[in-house]
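Only one structure is covered here, and it is reproduced in the block below.
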Amino acid sequence: NAGVTQTPKFQVLKTGQSMTLQCAQDMNHEYMSWYRQDPGMGLRLIHYSVGAGITDQGEVPNGYNVSRSTTEDFPLRLLSAAPSQTSVYFCASSLGSLSGGYTFGSGTRLTVV
Amino acid sequence: EDQVTQSPEALRLQEGESSSLNCSYTVSGLRGLFWYRQDPGKGPEFLFTLYSAGEEKEKERLKATLTKKESFLHITAPKPEDSATYLCAVQPNSNSGYALNFGKGTSLLVTP
């Protein structure tokens, strides 16, 4: 039981490049979400999904796309990277029950130069 | 607008010196309040969920309490391994996606 797996762990991009951050969970969780964490800002929600085929925007969605074709996977795509997207990105999943909260991945540290 | 404010931003304790972390919140109906622990370079780790005022949860040296406006994370006789950043988050009733609104965290350092 791996929990929530994020790849890659580290990435450096040039401005304007695109890439996909991968997130996979093996707990059969319906709810998945992407957060970014910046110094002094706390965790902010980018996009979330309540099940396969259903996604919605969070607090800071601009510049990011998501899709949810399976229950297990929830990739985050950066369309044209900007230095403002330098951050640590966390994927999280939940059964939808409050008692267990969200399970977070170990994060992807992205630097855009 | 939903808000979560944690204080203090940083706290340094000696081993065995008990203290409390505060999380004050304003939300249009609370579905749940969460506490997480985050170690450097890692993702947040779930600690507790609290649902209603008066509720308390305990785990080892940690106890979380909830009122209508704030939550406290009490740390009794802390050890150096309790050093971490503690995050508070709320889930409003209006939120259909079970998304969490996080505070900025309290960085706790426990020295031997």
Side-chain angles (χ1 to χ4, degrees), chain A residues 2-7 9-10 21 23-25 27 29-51 54-61 66 68 74 87-109, chain B residues 1-10 23-25 27 29-52 55 57 59 62 64 66 71 73 84-107:
Chain A
V4 177
T5 302
Q6 290 185 238
T7 56
K9 292 192 182 302
F10 301 94
L21 279 62
C23 175
Q25 52 90 10
M27 298 171 286
H29 285 175
E30 287 295 324
Y31 300 92
M32 296 186 74
S33 55
W34 278 100
Y35 289 85
R36 59 178 288 174
Q37 187 172 41
D38 303 291
M41 298 290 292
L43 283 153
R44 292 181 293 168
L45 181 66
I46 305 171
H47 284 285
Y48 65 93
S49 169
V50 300
I54 306 169
T55 64
D56 206 345
Q57 296 181 349
E59 179 185 356
V60 288
V66 292
R68 184 97 179 268
F74 191 43
S87 187
V88 181
Y89 291 85
F90 288 102
C91 178
S93 72
S94 169
L95 262 177
S97 161
L98 298 183
S99 61
Y102 267 94
T103 300
F104 282 81
S106 58
T108 294
R109 184 174 294 274
Chain B
E1 183 181 326
D2 302 331
Q3 273 197 318
V4 181
T5 304
Q6 291 188 246
S7 61
E9 289 185 12
C23 171
S24 63
Y25 63 92
V27 64
L30 181 69
R31 180 179 284 164
L33 184 141
F34 300 79
W35 282 98
Y36 284 84
R37 169 191 171 126
Q38 186 174 23
D39 293 297
K42 296 189 176 181
E45 177 187 348
F46 171 74
L47 292 174
F48 304 110
T49 307
L50 301 167
Y51 300 95
S52 57
E55 189 174 2
K57 293 272 180 75
K59 180 180 179 180
L62 301 176
L66 181 65
S71 176
L73 185 65
T85 296
Y86 290 86
L87 302 173
C88 172
V90 299
Q91 192 173 90
N93 272 330
S94 60
N95 192 311
S96 62
Y98 286 83
L100 303 179
N101 297 333
F102 281 87
K104 296 180 182 179
T106 293
S107 177

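No hydrogens, no waters, no symmetry mates; every other heavy atom, side chains included, goes into these values. So that the names make sense, note that chain A is the first sequence line, chain B the second, and so on, each numbered from 1.
- Note: A:Glu59 CD to B:Asp2 CG = 10.5 Å, rounded to the nearest 0.5 Å.
- Counting heavy atoms from C-beta on, the side chains of B:Phe46 and A:Phe104 never come closer than 4.5 Å.
- Within the 3.5 Å criterion, the main-chain N or O of A:Met41 finds no donor-acceptor partner in the side chain of B:Lys104.
- Although no hydrogens or angles enter the test, the distance criterion places a donor-acceptor pair under 3.5 Å between the side chain of B:Tyr36 and the main chain of A:Tyr102.
- A distance of 6.5 Å separates CG of B:Leu87 from CD of A:Gln37, quoted to the nearest 0.5 Å.
- Taking both residues in full, the closest heavy atoms of B:Pro44 and A:Leu43 are given as CG-CD1, 3.9 Å, listed atom of the first, atom of the second, then distance.
- Side-chain contact check for A:Ser33 versus B:Leu100: every heavy-atom pair is 4.5 Å or farther apart.
- Within the structure, salt bridge (Lys or Arg N to Asp or Glu O under 4.0 Å) contacts touching residues 38-48 of chain B (residues at least two apart or in different chains) are B:Arg37-B:Asp39.
- Within the 4.5 Å cutoff, the side chain of B:Phe102 has no heavy atoms near those of the A:Leu45 side chain.
- Each of A:Cys91, A:Ala92, A:Gly58, A:Gly40 has some count of heavy-atom pairs under 4.5 Å with chain B, and the biggest count is that of A:Gly40.
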